[in-house]
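Below: the structure, in structure tokens.
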Amino acid sequence: MRAMILDQAGKPLTLREVPVPEPKDRQVQLQVLACGVCRTDLHVVDGELLNPKLPLILGHQIVGRVTRVGGQASLLSVGQRVGVPWLGWTDRDCSYCLSGKENLCPRALFTGYTLDGGYAEFTVADERYCVPIPETYSDIEVAPLLCAGLIGYRSLVRTGDAKRLGIYGFGSAAHIITQVARHQGRSVYAFTRSGDKQGQRFAKEQGATWVGASDARPPDELDAAIIFAPVGALVPAALAAVRPGGTVVCGGIHMSDIPSFPYELLWGERSVCSIANLTRKDAAEFMEIAPKVPVHTTTTRFALEQANEALNQLRSGKLQGAAVLT
Ligand SMILES: [Zn+2]
Ligand SMILES: [Zn+2]
């Protein structure tokens, strides 16, 4: 099969012919129908996330059709269409796994990071960690829901019942979660890079009440804010925009250093938290909600061999919505 392979951080991916992986035990083999490109992939390529499996096949927003099942697989069968998200395996017996926090499992394995992912024609995945996909979505349309959607949803839940919600960084996760937030009756205040008129117009189209530059003060005090951009300086900026008691949720897996800031910004029982990975429960909940909203994704399609170009466009902020490899 053909796969785009990362041999070393800092180097572009290379297209190579490799053997089709065999499904073992509870794994299933999947023909990859579509695979979303995530900012996390960029952090792995750029060496900001340490110790990936090497050589590595990236990609953790995989839509695939089961082509073979492992000897002990019992949940999925050949022909079924499923999603493979970032959380690829957990030990199921540590204190985190046993308390509904499998996203924090210290032995967890992650698709497209410590396990091979979906920048390829085929992949294998543990059937217990595959996600059911709503029938109504096409392969390309549903791919971004598998990480941007799931992590965005977990971030949104963490904001509680915030009515006035700030979102910093308007990419794949933001465009999905704005639709869910609007559906729930919340108002979204979208912050983009200053001068990013195209991004601001896109945020408006997705339902944002107000759009502005990331250092601008919104017209209303925010109840909570989610930061999707990997920029630490946005933490004090968001704290300055939320009301006393408000929460700032950092939704990304990697962020540049957070500059020091006066205690006054945190005072008033404001809090800052991060979202790490996802649980299978998040996935099940979100896949129920998405078609009801209904969430529509804006995607740009790339061929498998154009993966480097997709990553470059994501890095430069040129993409609107999400990139998907087919
Ligand atoms: Zn565990
Ligand atoms: Zn991701």
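Note that ligands are numbered from 1 as they come in the structure, with each ligand's atoms numbered from 1 the same way.
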- With the Zn ion (ligand 1) as the apex, the SG/SG angle for C105 and C94 - to 10°: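 Vertex the Zn ion (ligand 1), arms to SG of C105 and SG of C94: 120°.
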- Message: Taking the ring of H60 and the ring of Y113, is the distance between their centroids below 6.0 Å?
- Response: no
- Item | Pair W86 + Y129: ring centers closer than 6.0 Å | no
- Minimum-distance N/O/S atom that D91 presents toward the Zn ion (ligand 1): OD1
- Query: Aromatic rings Y168 and F191: how do their planes relate, parallel, tilted or perpendicular, breaks at 30° and 60°?
  - Reply: parallel
- Query: Would you say the side-chain atoms of R92 pair up with the backbone N or O of T90, donor to acceptor, closer than 3.5 Å?
  - Reply: yes
- Does D93 put an N, O or S atom under 2.8 Å from the Zn ion (ligand 1)?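 Looking at D93, which is the residue asked about, there is no N, O or S atom under 2.8 Å from the Zn ion (ligand 1).
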